[in-house]
Amino acid sequence: MKVKIVNKSSNSLPEYKTVGAAGLDLCAYLSEPIKINPLERALIPTGLFLEIPKGYEAQIRGRSGLALNHGITLANGVGTIDSDYRGEVKIIIINLGNESFVVNNGDRIAQMVFTKYERADFIEVVEINETARGENGFGHTGI
Ligand SMILES: O=c1ccn([C@H]2C[C@H](O)[C@@H](COP(=O)(O)OP(=O)(O)OP(=O)(O)O)O2)c(=O)[nH]1
Ligand SMILES: [Mg+2]
């Protein structure tokens with residue numbers, strides 16, 4: 001995959017940290033630290049520009065250690081990087097913890113997983129087929 005890297009300070013090429021890692025850690029690319037107070041959000045640049053092959057997307061996901069220890073997670077749940085996006089990959093983090101959190105240049109604040117996806121062709125119909133579940137959902141099978 002082609003990648004343009006502005007962020008030379010903390011990493012050369014994104015790398016998988018272990019042989020079985022699904023995600024590549026994403027590092028903050030900052031000229032100065034950013035302080036995020038409780039319940040505040042911040043858009044963190046990574047310095048990475050990707051040319052993702054058609055049929056693939058990149059998913060931006062949180063890191064469990066940051067979530068558990070500091071309440072740092074993603075404001076958009078899972079970020080979607082489209083294959084035709086040519087802008088900088090950025091991370092929308094939110095501080096759900098009780099204390100301020102400081103992001104420094106080079107900090108690994110999220111991870112990125114590449115996935116294949118399907119696109120739907122829609123055919124409009126009057127009725128969709130019936131199933132045993134029907135319209136039941138949202139916990140109807142119990143906890
Ligand atoms: O966490 C994220 C989410 C998105 N993006 C970039 C890549 C993505 O391809 C583009 C658009 O994202 P999305 O479709 O989620 O946002 P939108 O609000 O629907 O914007 P748009 O109207 O540009 O699609 O923004 C990121 O860099 N980080
Ligand atoms: Mg969109």
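One-based numbering, in listed order, for ligands and for the atoms of each.
Using a 4.5 Å cut-off on side-chain heavy atoms (C-beta onward), Arg86 and Glu51 make contact. Taking 4.5 Å as the limit, every side-chain heavy atom of Lys35 sits out of range of all side-chain heavy atoms of Glu40. Counting heavy atoms from C-beta on, the side chains of Gln59 and Phe114 never come closer than 4.5 Å. Counting heavy atoms from C-beta outward, Leu48 and Val3 have side chains that approach closer than 4.5 Å.
Listed as neighbours of ligand 1 are Asn76, Gly79, Thr80, Ile81, Asp82, Tyr85, Glu88, Val89, Lys90, each bearing a heavy atom under 4.0 Å from the ligand.
With side-chain heavy atoms closer than 4.5 Å counting as contact, directly or through intermediates, the hydrophobic cluster containing Ile92 also holds Leu43.
The two residues Tyr29 and Glu88 come nearest to each other via the heavy atoms CD2-OE2, 4.0 Å.
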